[in-house]
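What you see is a predicted model, and the numbers here were worked out from it, not measured in a lab. In what follows, residues are counted from 1 in the order of the sequence shown.
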Amino acid sequence: MKFLIIQKIKREVPIEKWAKLLPLQFKYFDSLEKDKTLEATYHLIGQQGSMLIVNVDSDEKLSKIVGQDPMFFESER
């Protein structure tokens with residue numbers, strides 16, 4: 001099943017923290033692409049955030065993908 005995840009970084013996140021987590025998130029997305037779980041990634045124009053299309057076979061796998069994102073606690077979905 002394909003799922004659309006829209007993730008927006010919370011405004012109160014300090015830029016220093018965001019700058020440290022962003023490279024970790026890109027690395028995480030790369031690993032999902034290699035596993036063929038992540039089909040597409042888009043930047044939200046004019047905002048700090050992203051839109052993902054993931055292909056998983058259960059809600060549990062979707063929850064795991066969301067929960068392991070380095071930006072999990074710093075964003076809203």
* Is there side-chain contact between Glu76 and Lys10, with heavy atoms separated by less than 4.5 Å? -> yes
* Look at the side chain of Asn55 and the backbone N and O of Met1, then say whether any donor-acceptor pair between them is shorter than 3.5 Å. => yes
* **Separation between OG1 of Thr37 and CZ of Phe29, rounded to the nearest 0.5 Å** => 12.5 Å
* **Polar side-chain atom of Tyr42 near backbone of Ile53 as donor-acceptor pair, under 3.5 Å** => no
* Asked: How close do Arg77 and Phe72 get, heavy atom to heavy atom, and via which atoms?
  -> NH2-O, 3.1 Å
* To do: Taking the side chain as every heavy atom from C-beta outward, state whether Val54 and Ile5 have any pair of such atoms under 4.5 Å apart.
  => yes
* Reported CD1-to-CE distance for the pair Ile6 and Met51, which is rounded to 0.5 angstrom -> 6.0 Å
* For the side chain of Asp69 and the backbone of Met71, is there at least one donor-acceptor N/O pair under 3.5 Å apart? -> yes
* Do the side chains of Phe26 and Leu22 get nearer than 4.5 Å, heavy atoms only? -> yes
* Neighbour count above 12 (heavy atom, 6.0 Å) for Lys64 NZ -> no
* To do: Check whether any side-chain heavy atom of Phe73 sits under 4.5 Å from a side-chain heavy atom of Val13, and report yes or no.
  => no
* Decide yes or no on side-chain hydrogen bond (donor to acceptor under 3.5 Å, both in side chains) for Gln25 and Gln7, but give the supporting numbers first. => CA-CA 12 Å; Gln25 187 181 48; Gln7 179 184 54; 2.8 Å; yes
* Can you name the closest pair of heavy atoms from Leu32 and Ile65 and give their distance? -> CD1-CG2, 3.9 Å
* Does a salt bridge link Lys61 with Asp57, judged by any charged N lying under 4.0 Å from a carboxylate O? -> yes
